[in-house]
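Everything on this sheet refers to the single structure shown next.
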Protein chains: 2
Amino acid sequence: MPSPRLLLVEDDTSLAELLQYRFEAEGYDVVATPDGDEALLLANEQAPDLVILDWMVEGTSGIEICRRLRRDKETAHVPIVMLTARGNEDDRIRGLETGADDYVTKPFSPRELIARVGAVLRRVRPALAGEMLEVGDIKLDATSHRVTRRGQSLQLGPTEFRLLKFFMEHPGRVFSRGQLLDAVWGTGSDIELRTVDVHIRRLRKGITLDGSKDPVRTVRSAGYAFESV
Amino acid sequence: MPSPRLLLVEDDTSLAELLQYRFEAEGYDVVATPDGDEALLLANEQAPDLVILDWMVEGTSGIEICRRLRRDKETAHVPIVMLTARGNEDDRIRGLETGADDYVTKPFSPRELIARVGAVLRRVRPALAGEMLEVGDIKLDATSHRVTRRGQSLQLGPTEFRLLKFFMEHPGRVFSRGQLLDAVWGTGSDIELRTVDVHIRRLRKGITLDGSKDPVRTVRSAGYAFESV
DNA sequence: CGATCTTGTCATACGGTGGTAACAATAAAC
DNA sequence: GTTTATTGTTACCACCGTATGACAAGATCG
(Lines give C-alpha, C1' and ligand atoms only; values in the text may rest on other atoms or scores of the structure.)
Protein backbone atom coordinates (compact mmCIF):
# COMPACT_ATOMS: atom_id res chain seq x y z
CA MET A 1 0.00 0.00 0.00
CA PRO A 2 1.41 3.38 -0.93
CA SER A 3 1.84 5.75 2.01
CA PRO A 4 -0.70 8.53 1.85
CA ARG A 5 1.06 11.86 1.78
CA LEU A 6 0.02 14.51 4.26
CA LEU A 7 0.75 18.20 4.18
CA LEU A 8 0.79 19.55 7.71
CA VAL A 9 0.46 23.31 8.10
CA GLU A 10 1.05 24.18 11.75
CA ASP A 11 3.19 26.90 13.29
CA ASP A 12 3.30 25.50 16.78
CA THR A 13 6.59 23.68 16.39
CA SER A 14 6.25 21.23 19.23
CA LEU A 15 2.75 20.24 18.18
CA ALA A 16 3.88 19.90 14.57
CA GLU A 17 6.73 17.62 15.58
CA LEU A 18 4.50 15.49 17.72
CA LEU A 19 1.95 15.08 14.95
CA GLN A 20 4.56 14.37 12.34
CA TYR A 21 6.01 11.66 14.53
CA ARG A 22 2.65 10.08 15.24
CA PHE A 23 1.45 10.15 11.67
CA GLU A 24 4.67 8.69 10.37
CA ALA A 25 4.29 5.91 12.90
CA GLU A 26 0.89 5.26 11.30
CA GLY A 27 2.49 4.89 7.92
CA TYR A 28 1.94 8.31 6.45
CA ASP A 29 4.41 10.43 4.54
CA VAL A 30 4.38 13.83 6.19
CA VAL A 31 5.49 17.13 4.75
CA ALA A 32 5.29 19.94 7.27
CA THR A 33 5.56 23.69 7.14
CA PRO A 34 4.75 26.45 9.61
CA ASP A 35 4.17 28.98 6.87
CA GLY A 36 0.97 29.62 4.97
CA ASP A 37 2.52 30.81 1.74
CA GLU A 38 4.93 27.95 1.63
CA ALA A 39 2.02 25.61 2.21
CA LEU A 40 0.45 26.69 -1.05
CA LEU A 41 3.66 26.00 -2.93
CA LEU A 42 4.10 22.62 -1.30
CA ALA A 43 0.52 21.69 -2.05
CA ASN A 44 1.23 22.15 -5.72
CA GLU A 45 4.62 20.52 -5.77
CA GLN A 46 3.92 17.55 -3.59
CA ALA A 47 0.33 16.81 -4.55
CA PRO A 48 -0.54 15.60 -1.05
CA ASP A 49 -3.46 13.28 -0.49
CA LEU A 50 -4.72 15.36 2.40
CA VAL A 51 -3.95 18.69 4.05
CA ILE A 52 -4.05 19.34 7.79
CA LEU A 53 -4.39 23.05 8.26
CA ASP A 54 -4.20 25.15 11.36
CA TRP A 55 -6.72 27.95 11.40
CA MET A 56 -4.11 30.45 12.52
CA VAL A 57 -0.73 30.25 10.86
CA GLU A 58 1.89 32.77 9.90
CA GLY A 59 1.87 34.31 6.48
CA THR A 60 -1.55 33.62 5.04
CA SER A 61 -4.43 32.70 7.30
CA GLY A 62 -5.76 29.18 7.31
CA ILE A 63 -9.09 30.04 5.81
CA GLU A 64 -7.41 31.94 3.02
CA ILE A 65 -5.20 28.96 2.28
CA CYS A 66 -8.27 26.79 2.22
CA ARG A 67 -9.94 29.08 -0.27
CA ARG A 68 -6.91 29.19 -2.52
CA LEU A 69 -6.42 25.46 -2.44
CA ARG A 70 -9.99 25.08 -3.58
CA ARG A 71 -9.61 27.64 -6.33
CA ASP A 72 -6.52 26.08 -7.87
CA LYS A 73 -7.55 23.29 -10.15
CA GLU A 74 -4.57 21.18 -9.17
CA THR A 75 -5.54 21.10 -5.54
CA ALA A 76 -9.27 21.67 -5.67
CA HIS A 77 -10.14 18.11 -4.77
CA VAL A 78 -7.60 17.55 -1.99
CA PRO A 79 -9.40 16.96 1.29
CA ILE A 80 -8.66 19.44 4.07
CA VAL A 81 -8.87 18.93 7.82
CA MET A 82 -8.76 22.13 9.83
CA LEU A 83 -7.50 22.62 13.35
CA THR A 84 -9.48 25.31 15.11
CA ALA A 85 -9.39 26.98 18.44
CA ARG A 86 -11.88 25.67 20.86
CA GLY A 87 -15.47 26.74 20.95
CA ASN A 88 -15.50 29.23 18.14
CA GLU A 89 -18.46 27.96 16.25
CA ASP A 90 -18.52 30.70 13.66
CA ASP A 91 -15.00 29.83 12.61
CA ARG A 92 -15.84 26.19 12.30
CA ILE A 93 -18.87 26.83 10.16
CA ARG A 94 -16.98 29.27 8.04
CA GLY A 95 -14.31 26.66 7.55
CA LEU A 96 -16.75 24.04 6.42
CA GLU A 97 -18.46 26.45 4.09
CA THR A 98 -15.14 27.45 2.60
CA GLY A 99 -14.54 23.88 1.64
CA ALA A 100 -12.82 22.16 4.52
CA ASP A 101 -13.85 18.55 4.82
CA ASP A 102 -13.54 18.35 8.55
CA TYR A 103 -12.21 20.18 11.52
CA VAL A 104 -10.85 19.18 14.89
CA THR A 105 -11.12 21.40 17.89
CA LYS A 106 -8.06 22.14 19.99
CA PRO A 107 -7.12 20.68 22.30
CA PHE A 108 -7.34 17.26 20.71
CA SER A 109 -5.48 14.02 21.11
CA PRO A 110 -3.29 12.83 18.26
CA ARG A 111 -5.31 9.65 18.30
CA GLU A 112 -8.46 11.55 17.53
CA LEU A 113 -6.89 13.49 14.69
CA ILE A 114 -5.55 10.26 13.25
CA ALA A 115 -9.00 8.73 13.37
CA ARG A 116 -10.48 11.74 11.64
CA VAL A 117 -7.86 11.82 8.93
CA GLY A 118 -8.46 8.12 8.40
CA ALA A 119 -12.19 8.69 8.11
CA VAL A 120 -11.80 11.47 5.58
CA LEU A 121 -9.38 9.45 3.49
CA ARG A 122 -11.64 6.45 3.59
CA ARG A 123 -14.41 8.61 2.31
CA VAL A 124 -12.46 10.34 -0.41
CA ARG A 125 -9.83 7.85 -1.51
CA PRO A 126 -10.81 4.39 -0.36
CA ALA A 127 -7.78 2.86 -2.01
CA LEU A 128 -5.45 4.92 0.16
CA ALA A 129 -7.06 3.58 3.29
CA GLY A 130 -6.39 0.05 2.19
CA GLU A 131 -9.92 -0.67 1.19
CA MET A 132 -11.15 -2.60 -1.72
CA LEU A 133 -12.59 -0.69 -4.63
CA GLU A 134 -15.69 -2.10 -6.21
CA VAL A 135 -17.51 -0.85 -9.27
CA GLY A 136 -20.05 -3.08 -10.90
CA ASP A 137 -18.64 -6.59 -10.99
CA ILE A 138 -15.02 -5.47 -10.86
CA LYS A 139 -13.05 -5.50 -7.63
CA LEU A 140 -9.66 -3.93 -7.14
CA ASP A 141 -7.53 -4.47 -4.07
CA ALA A 142 -4.85 -1.82 -3.99
CA THR A 143 -3.01 -3.48 -1.14
CA SER A 144 -2.42 -6.76 -2.87
CA HIS A 145 -2.42 -5.28 -6.35
CA ARG A 146 -5.16 -7.63 -7.47
CA VAL A 147 -8.08 -7.18 -9.79
CA THR A 148 -10.95 -9.57 -10.17
CA ARG A 149 -14.14 -9.63 -12.19
CA ARG A 150 -16.92 -12.01 -11.27
CA GLY A 151 -14.42 -13.69 -9.06
CA GLN A 152 -12.05 -14.32 -11.92
CA SER A 153 -8.66 -12.80 -11.54
CA LEU A 154 -7.55 -10.37 -14.23
CA GLN A 155 -4.06 -9.72 -15.48
CA LEU A 156 -3.12 -6.12 -16.09
CA GLY A 157 0.12 -4.30 -16.73
CA PRO A 158 1.28 -1.69 -14.21
CA THR A 159 0.00 1.27 -16.18
CA GLU A 160 -3.34 -0.35 -16.84
CA PHE A 161 -3.61 -1.11 -13.16
CA ARG A 162 -3.02 2.50 -12.15
CA LEU A 163 -5.41 3.67 -14.82
CA LEU A 164 -8.11 1.32 -13.63
CA LYS A 165 -7.52 2.29 -10.02
CA PHE A 166 -7.87 5.95 -10.84
CA PHE A 167 -11.05 5.31 -12.76
CA MET A 168 -12.51 3.25 -9.94
CA GLU A 169 -11.77 6.00 -7.46
CA HIS A 170 -13.88 8.37 -9.52
CA PRO A 171 -16.54 6.27 -11.16
CA GLY A 172 -18.86 7.94 -13.62
CA ARG A 173 -16.76 11.02 -14.18
CA VAL A 174 -15.38 11.94 -17.54
CA PHE A 175 -11.67 12.68 -17.72
CA SER A 176 -9.86 14.28 -20.61
CA ARG A 177 -6.73 12.62 -21.92
CA GLY A 178 -4.72 15.38 -20.31
CA GLN A 179 -6.28 14.79 -16.93
CA LEU A 180 -5.61 11.08 -17.20
CA LEU A 181 -2.00 11.73 -18.09
CA ASP A 182 -1.62 13.95 -15.05
CA ALA A 183 -3.34 11.54 -12.73
CA VAL A 184 -1.90 8.25 -13.93
CA TRP A 185 1.42 9.15 -15.49
CA GLY A 186 2.20 12.03 -13.14
CA THR A 187 2.06 15.75 -13.63
CA GLY A 188 4.47 17.06 -16.19
CA SER A 189 5.01 13.80 -17.99
CA ASP A 190 5.73 14.60 -21.57
CA ILE A 191 3.61 12.01 -23.24
CA GLU A 192 1.50 12.11 -26.35
CA LEU A 193 -2.19 12.48 -25.65
CA ARG A 194 -2.92 9.68 -28.08
CA THR A 195 -1.00 7.27 -25.92
CA VAL A 196 -3.93 7.32 -23.57
CA ASP A 197 -6.04 5.75 -26.26
CA VAL A 198 -3.68 2.85 -26.49
CA HIS A 199 -3.75 2.18 -22.78
CA ILE A 200 -7.50 2.47 -22.74
CA ARG A 201 -7.46 -0.17 -25.39
CA ARG A 202 -5.15 -2.36 -23.32
CA LEU A 203 -7.27 -1.83 -20.24
CA ARG A 204 -10.41 -2.76 -22.13
CA LYS A 205 -8.76 -5.87 -23.43
CA GLY A 206 -7.52 -6.76 -19.98
CA ILE A 207 -10.86 -6.51 -18.22
CA THR A 208 -12.96 -8.19 -20.86
CA LEU A 209 -14.01 -11.72 -20.17
CA ASP A 210 -16.31 -13.05 -22.75
CA GLY A 211 -19.86 -11.89 -22.53
CA SER A 212 -18.99 -8.95 -20.32
CA LYS A 213 -19.94 -5.42 -21.14
CA ASP A 214 -17.36 -2.64 -21.48
CA PRO A 215 -17.31 -0.33 -18.45
CA VAL A 216 -15.10 2.20 -20.21
CA ARG A 217 -17.22 4.78 -21.95
CA THR A 218 -15.72 6.87 -24.72
CA VAL A 219 -16.98 10.44 -24.66
CA ARG A 220 -16.16 11.86 -28.01
CA SER A 221 -14.19 15.07 -27.94
CA ALA A 222 -14.07 14.92 -24.15
CA GLY A 223 -12.31 11.81 -22.90
CA TYR A 224 -13.21 8.62 -21.11
CA ALA A 225 -15.32 7.59 -18.15
CA PHE A 226 -15.59 4.41 -16.14
CA GLU A 227 -18.91 3.15 -14.88
CA SER A 228 -20.68 0.06 -13.78
CA VAL A 229 -22.35 -1.69 -16.65
CA MET B 1 -31.64 20.30 -8.18
CA PRO B 2 -33.00 17.15 -6.64
CA SER B 3 -33.60 17.32 -2.90
CA PRO B 4 -31.12 15.16 -1.04
CA ARG B 5 -32.93 12.73 1.24
CA LEU B 6 -31.91 12.53 4.86
CA LEU B 7 -32.67 9.82 7.35
CA LEU B 8 -32.74 11.31 10.84
CA VAL B 9 -32.44 8.88 13.73
CA GLU B 10 -33.02 10.76 16.96
CA ASP B 11 -35.16 9.88 19.95
CA ASP B 12 -35.29 13.31 21.50
CA THR B 13 -38.58 14.33 19.94
CA SER B 14 -38.22 18.05 20.29
CA LEU B 15 -34.72 18.05 18.85
CA ALA B 16 -35.84 15.80 16.01
CA GLU B 17 -38.67 18.14 15.15
CA LEU B 18 -36.44 21.16 15.19
CA LEU B 19 -33.88 19.53 12.94
CA GLN B 20 -36.49 18.23 10.56
CA TYR B 21 -37.93 21.70 10.24
CA ARG B 22 -34.58 23.34 9.67
CA PHE B 23 -33.36 20.80 7.15
CA GLU B 24 -36.58 20.95 5.19
CA ALA B 25 -36.20 24.70 5.08
CA GLU B 26 -32.79 24.07 3.50
CA GLY B 27 -34.37 22.00 0.77
CA TYR B 28 -33.81 18.51 2.11
CA ASP B 29 -36.27 15.66 2.19
CA VAL B 30 -36.28 14.37 5.74
CA VAL B 31 -37.41 11.00 6.99
CA ALA B 32 -37.23 10.72 10.76
CA THR B 33 -37.53 7.93 13.28
CA PRO B 34 -36.75 7.66 16.98
CA ASP B 35 -36.16 3.94 16.78
CA GLY B 36 -32.96 2.16 15.87
CA ASP B 37 -34.47 -0.94 14.37
CA GLU B 38 -36.88 1.02 12.31
CA ALA B 39 -33.97 3.12 11.11
CA LEU B 40 -32.37 0.08 9.52
CA LEU B 41 -35.57 -0.74 7.68
CA LEU B 42 -36.00 2.83 6.51
CA ALA B 43 -32.41 2.99 5.34
CA ASN B 44 -33.11 0.12 3.01
CA GLU B 45 -36.50 1.26 1.84
CA GLN B 46 -35.78 4.92 1.34
CA ALA B 47 -32.20 4.79 0.12
CA PRO B 48 -31.34 8.07 1.82
CA ASP B 49 -28.42 10.14 0.60
CA LEU B 50 -27.17 10.63 4.15
CA VAL B 51 -27.97 9.39 7.64
CA ILE B 52 -27.89 11.50 10.77
CA LEU B 53 -27.58 9.17 13.69
CA ASP B 54 -27.78 9.79 17.40
CA TRP B 55 -25.27 7.82 19.38
CA MET B 56 -27.89 6.80 21.92
CA VAL B 57 -31.27 5.78 20.57
CA GLU B 58 -33.89 3.30 21.60
CA GLY B 59 -33.85 -0.18 20.21
CA THR B 60 -30.44 -0.69 18.72
CA SER B 61 -27.57 1.56 19.72
CA GLY B 62 -26.21 4.10 17.31
CA ILE B 63 -22.89 2.44 16.87
CA GLU B 64 -24.53 -0.87 16.17
CA ILE B 65 -26.75 0.76 13.54
CA CYS B 66 -23.67 2.29 12.01
CA ARG B 67 -21.99 -1.10 11.83
CA ARG B 68 -24.99 -2.76 10.27
CA LEU B 69 -25.48 -0.01 7.72
CA ARG B 70 -21.91 -0.53 6.66
CA ARG B 71 -22.28 -4.27 6.47
CA ASP B 72 -25.34 -4.21 4.24
CA LYS B 73 -24.28 -3.75 0.66
CA GLU B 74 -27.26 -1.55 -0.11
CA THR B 75 -26.32 1.00 2.48
CA ALA B 76 -22.59 0.49 2.79
CA HIS B 77 -21.75 3.72 1.03
CA VAL B 78 -24.30 6.04 2.55
CA PRO B 79 -22.49 8.73 4.50
CA ILE B 80 -23.26 8.85 8.21
CA VAL B 81 -23.07 11.81 10.56
CA MET B 82 -23.21 10.89 14.23
CA LEU B 83 -24.49 13.00 17.08
CA THR B 84 -22.50 12.28 20.22
CA ALA B 85 -22.60 13.37 23.79
CA ARG B 86 -20.11 15.98 24.66
CA GLY B 87 -16.54 15.28 25.50
CA ASN B 88 -16.50 11.54 25.22
CA GLU B 89 -13.50 11.15 23.01
CA ASP B 90 -13.46 7.39 23.04
CA ASP B 91 -16.97 7.29 21.68
CA ARG B 92 -16.09 9.70 18.93
CA ILE B 93 -13.06 7.74 17.86
CA ARG B 94 -14.97 4.51 18.00
CA GLY B 95 -17.63 6.11 15.83
CA LEU B 96 -15.17 7.18 13.21
CA GLU B 97 -13.47 3.82 13.23
CA THR B 98 -16.80 2.08 12.86
CA GLY B 99 -17.39 3.96 9.65
CA ALA B 100 -19.13 7.19 10.51
CA ASP B 101 -18.11 9.95 8.17
CA ASP B 102 -18.41 12.68 10.71
CA TYR B 103 -19.74 13.45 14.11
CA VAL B 104 -21.11 16.50 15.82
CA THR B 105 -20.87 17.00 19.53
CA LYS B 106 -23.92 17.95 21.54
CA PRO B 107 -24.88 20.60 22.15
CA PHE B 108 -24.62 21.95 18.65
CA SER B 109 -26.48 24.55 16.67
CA PRO B 110 -28.67 23.43 13.77
CA ARG B 111 -26.63 25.74 11.60
CA GLU B 112 -23.48 23.84 12.37
CA LEU B 113 -25.04 20.49 11.66
CA ILE B 114 -26.39 21.82 8.38
CA ALA B 115 -22.94 23.02 7.40
CA ARG B 116 -21.44 19.64 8.21
CA VAL B 117 -24.06 17.70 6.32
CA GLY B 118 -23.49 19.99 3.38
CA ALA B 119 -19.74 19.40 3.52
CA VAL B 120 -20.12 15.64 3.61
CA LEU B 121 -22.59 15.62 0.73
CA ARG B 122 -20.39 17.87 -1.36
CA ARG B 123 -17.62 15.37 -0.91
CA VAL B 124 -19.55 12.24 -1.55
CA ARG B 125 -22.17 13.22 -4.06
CA PRO B 126 -21.11 16.28 -6.00
CA ALA B 127 -24.19 15.95 -8.13
CA LEU B 128 -26.34 16.59 -5.07
CA ALA B 129 -24.41 19.71 -4.21
CA GLY B 130 -25.26 21.52 -7.39
CA GLU B 131 -22.89 20.28 -10.05
CA MET B 132 -25.96 19.28 -11.93
CA LEU B 133 -27.88 21.62 -14.18
CA GLU B 134 -31.61 21.26 -14.19
CA VAL B 135 -34.17 23.12 -16.26
CA GLY B 136 -37.69 21.83 -16.39
CA ASP B 137 -37.56 18.07 -16.73
CA ILE B 138 -34.09 18.04 -18.27
CA LYS B 139 -31.01 17.30 -16.20
CA LEU B 140 -27.45 17.74 -17.36
CA ASP B 141 -24.51 16.42 -15.41
CA ALA B 142 -21.35 18.05 -16.69
CA THR B 143 -18.94 15.82 -14.81
CA SER B 144 -20.30 12.60 -16.21
CA HIS B 145 -21.35 14.19 -19.48
CA ARG B 146 -24.85 12.86 -19.18
CA VAL B 147 -28.21 14.28 -20.10
CA THR B 148 -31.51 12.86 -18.97
CA ARG B 149 -35.13 13.86 -19.41
CA ARG B 150 -37.76 12.38 -17.15
CA GLY B 151 -35.12 9.93 -16.06
CA GLN B 152 -34.52 8.72 -19.59
CA SER B 153 -31.01 9.15 -20.85
CA LEU B 154 -30.57 11.24 -23.98
CA GLN B 155 -27.94 10.86 -26.64
CA LEU B 156 -26.39 14.04 -27.99
CA GLY B 157 -23.38 14.78 -30.14
CA PRO B 158 -20.57 16.85 -28.63
CA THR B 159 -21.69 20.12 -30.18
CA GLU B 160 -25.30 19.61 -29.20
CA PHE B 161 -24.13 18.82 -25.68
CA ARG B 162 -22.17 22.05 -25.42
CA LEU B 163 -25.05 23.98 -26.91
CA LEU B 164 -27.50 22.51 -24.43
CA LYS B 165 -25.13 23.12 -21.55
CA PHE B 166 -24.76 26.74 -22.51
CA PHE B 167 -28.50 27.16 -22.78
CA MET B 168 -29.08 25.53 -19.42
CA GLU B 169 -26.55 27.81 -17.81
CA HIS B 170 -28.57 30.78 -18.99
CA PRO B 171 -32.17 29.68 -19.09
CA GLY B 172 -34.75 32.04 -20.50
CA ARG B 173 -32.34 34.37 -22.21
CA VAL B 174 -32.40 34.94 -25.93
CA PHE B 175 -29.12 34.53 -27.80
CA SER B 176 -28.38 35.60 -31.32
CA ARG B 177 -26.76 33.13 -33.66
CA GLY B 178 -23.55 35.09 -33.40
CA GLN B 179 -23.57 34.88 -29.61
CA LEU B 180 -24.17 31.16 -29.75
CA LEU B 181 -21.31 30.71 -32.17
CA ASP B 182 -19.01 32.59 -29.84
CA ALA B 183 -20.16 30.73 -26.77
CA VAL B 184 -20.40 27.22 -28.12
CA TRP B 185 -17.99 27.13 -31.04
CA GLY B 186 -15.46 29.51 -29.55
CA THR B 187 -14.71 33.10 -30.33
CA GLY B 188 -13.35 33.71 -33.74
CA SER B 189 -14.67 30.55 -35.29
CA ASP B 190 -15.39 31.28 -38.88
CA ILE B 191 -18.69 29.52 -39.22
CA GLU B 192 -21.85 30.32 -41.13
CA LEU B 193 -24.58 31.76 -38.98
CA ARG B 194 -27.08 29.40 -40.48
CA THR B 195 -25.16 26.46 -39.15
CA VAL B 196 -26.62 27.28 -35.77
CA ASP B 197 -30.06 26.52 -37.10
CA VAL B 198 -29.01 23.04 -38.03
CA HIS B 199 -27.62 22.33 -34.60
CA ILE B 200 -30.72 23.75 -32.98
CA ARG B 201 -32.58 21.28 -35.08
CA ARG B 202 -30.32 18.46 -33.98
CA LEU B 203 -30.61 19.52 -30.37
CA ARG B 204 -34.39 19.61 -30.60
CA LYS B 205 -34.41 16.18 -32.16
CA GLY B 206 -32.06 14.86 -29.50
CA ILE B 207 -34.05 16.03 -26.53
CA THR B 208 -37.48 15.13 -27.83
CA LEU B 209 -39.07 12.04 -26.41
CA ASP B 210 -42.55 11.57 -27.62
CA GLY B 211 -45.15 13.72 -25.99
CA SER B 212 -42.61 16.19 -24.68
CA LYS B 213 -42.78 19.88 -25.37
CA ASP B 214 -39.95 21.77 -27.04
CA PRO B 215 -37.94 23.88 -24.59
CA VAL B 216 -36.11 25.69 -27.40
CA ARG B 217 -37.98 28.81 -28.37
CA THR B 218 -37.35 30.50 -31.68
CA VAL B 219 -37.35 34.27 -31.47
CA ARG B 220 -37.80 35.44 -34.96
CA SER B 221 -35.12 37.79 -36.24
CA ALA B 222 -33.38 37.61 -32.87
CA GLY B 223 -32.21 34.09 -32.11
CA TYR B 224 -33.08 31.28 -29.74
CA ALA B 225 -33.84 30.84 -26.06
CA PHE B 226 -34.11 27.84 -23.79
CA GLU B 227 -36.75 27.62 -21.13
CA SER B 228 -38.60 25.13 -19.03
CA VAL B 229 -41.77 23.95 -20.64
C1' DC C 1 23.48 -11.14 -20.32
C1' DG C 2 19.44 -13.00 -22.50
C1' DA C 3 14.45 -13.52 -22.42
C1' DT C 4 10.20 -11.66 -21.53
C1' DC C 5 7.07 -7.91 -20.48
C1' DT C 6 5.96 -3.37 -20.74
C1' DT C 7 5.40 1.01 -22.99
C1' DG C 8 5.32 4.94 -26.01
C1' DT C 9 4.71 6.12 -30.83
C1' DC C 10 3.16 5.62 -35.38
C1' DA C 11 0.31 4.29 -39.46
C1' DT C 12 -3.91 3.02 -40.92
C1' DA C 13 -8.78 2.02 -40.93
C1' DC C 14 -13.21 3.24 -39.47
C1' DG C 15 -17.18 5.75 -38.14
C1' DG C 16 -19.32 9.62 -36.37
C1' DT C 17 -19.85 14.50 -36.61
C1' DG C 18 -20.10 18.85 -38.52
C1' DG C 19 -20.60 22.53 -41.88
C1' DT C 20 -22.84 23.77 -46.04
C1' DA C 21 -26.14 24.23 -49.58
C1' DA C 22 -30.58 23.52 -51.40
C1' DC C 23 -35.25 23.38 -50.84
C1' DA C 24 -39.64 23.46 -48.06
C1' DA C 25 -42.35 25.70 -44.64
C1' DT C 26 -43.68 29.44 -42.01
C1' DA C 27 -44.20 34.10 -40.34
C1' DA C 28 -44.19 38.97 -41.26
C1' DA C 29 -44.97 43.00 -44.43
C1' DC C 30 -47.61 45.40 -47.61
C1' DG D 1 -53.65 37.57 -50.92
C1' DT D 2 -49.16 38.19 -52.55
C1' DT D 3 -44.59 39.03 -51.63
C1' DT D 4 -40.55 38.74 -48.94
C1' DA D 5 -37.79 37.62 -45.15
C1' DT D 6 -36.75 34.21 -41.90
C1' DT D 7 -36.56 29.64 -40.20
C1' DG D 8 -37.10 24.33 -40.61
C1' DT D 9 -35.50 20.20 -42.64
C1' DT D 10 -32.92 17.06 -45.24
C1' DA D 11 -29.01 15.24 -47.71
C1' DC D 12 -24.33 15.13 -48.62
C1' DC D 13 -19.38 14.57 -48.10
C1' DA D 14 -15.12 16.04 -46.07
C1' DC D 15 -12.88 15.92 -42.01
C1' DC D 16 -11.76 14.92 -37.42
C1' DG D 17 -11.45 11.89 -33.55
C1' DT D 18 -11.15 7.14 -32.13
C1' DA D 19 -9.85 2.17 -32.52
C1' DT D 20 -6.51 -1.04 -33.45
C1' DG D 21 -2.44 -3.58 -34.63
C1' DA D 22 2.45 -3.40 -35.26
C1' DC D 23 6.99 -2.14 -33.79
C1' DA D 24 11.12 -0.69 -31.48
C1' DA D 25 13.10 0.94 -27.31
C1' DG D 26 13.27 0.31 -22.56
C1' DA D 27 12.45 -2.00 -18.16
C1' DT D 28 12.42 -6.05 -15.42
C1' DC D 29 13.79 -10.46 -13.90
C1' DG D 30 16.11 -14.62 -13.82
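Sequence lines set the chain letters: A, B, ... in the order given, protein chains first and strands last, and positions in each chain run from 1. As a basis for the values below, the full set of heavy atoms in this structure was taken, side chains included, without hydrogen atoms, waters or symmetry mates.
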Sequence neighbours excluded, the answer for salt bridge (charged side-chain N to carboxylate O under 4.0 Å, His left out) partners of B:Asp214 is B:Arg204
Residues pairing under salt bridge (Lys or Arg N to Asp or Glu O under 4.0 Å) where one sits in residues 173-183 of chain A, two or more places apart or in two chains, turn out to be A:Arg177-A:Asp197
5'-most contact on DNA chain D (nearest-nucleotide basis), A:Arg201 vs A:Asp197, goes to A:Asp197
Computed from five pairs at either end and rounded to 10 degrees, the angle between the axes of the helix from C:dC1-D:dG30 to C:dC30-D:dG1 is 40°
Residues pairing under salt bridge (Lys or Arg N to Asp or Glu O under 4.0 Å) where one sits in residues 139-148 of chain A, two or more places apart or in two chains, turn out to be A:Glu134-A:Lys139
Counting primed atoms, P, OP1 and OP2 as sugar-phosphate and everything else as base, the B/S/- map of nucleotides 17-30 of chain C against protein heavy atoms under 4.0 Å is SBBBB----BBS--
Note: chain A reaches DNA chain D at heavy-atom distances under 4.0 Å over the stretch, first to last nt, 5' to 3', of D:dG17 to D:dA22
query = For A:Tyr224, which contact category applies under a 4.0 Å heavy-atom criterion: base, sugar-phosphate, or nothing?
reply = sugar-phosphate
Enumerate, atom names and distances included, each donor-acceptor pair closer than 3.5 Å involving a side-chain atom of residues 154-169 of chain B, sequence neighbours excluded.
unit_1, atom_1, unit_2, atom_2, d
B:Glu160, OE1, B:Gly157, N, 3.4
B:Glu160, OE2, B:His199, ND1, 2.6
B:Arg162, NE, B:Val184, O, 3.2

Sorted by chain and residue number, the side-chain hydrogen bond (donor to acceptor under 3.5 Å, both in side chains) partners of B:Asn44 (sequence neighbours excluded) come out as B:Asp72
message = Closer than 3.5 angstrom, by distance alone: can the side chain of B:Asp49 be matched with the main-chain N or O of B:Arg5 as a donor-acceptor pair?
response = yes
Taking for B:Ala222 and for A:Val219 the nucleotide of DNA chain D with the nearest heavy atom, the one nearer the 5' end belongs to B:Ala222
From CZ of A:Phe161 across to P of C:dT7 the rounded distance in Å is 13 Å
Across all chains, not counting sequence neighbours, the side-chain hydrogen bond (donor to acceptor under 3.5 Å, both in side chains) partners of A:Glu26 are none
Contacts of B:Tyr28 meeting ring pair (Phe, Tyr, Trp, His ring centres under 6.0 Å) (sequence neighbours excluded), chain-then-number -> B:Phe23
Sequence neighbours excluded, the answer for side-chain hydrogen bond (donor to acceptor under 3.5 Å, both in side chains) partners of B:Arg217 is B:Glu227
Hey, can you pull the donor-acceptor pairs under 3.5 Å for the side chains in residues 13-22 of chain A, sequence neighbours left out?
unit_1, atom_1, unit_2, atom_2, d
A:Ser14, OG, A:Asp12, OD1, 3.1
A:Gln20, NE2, A:Glu24, OE2, 3.3

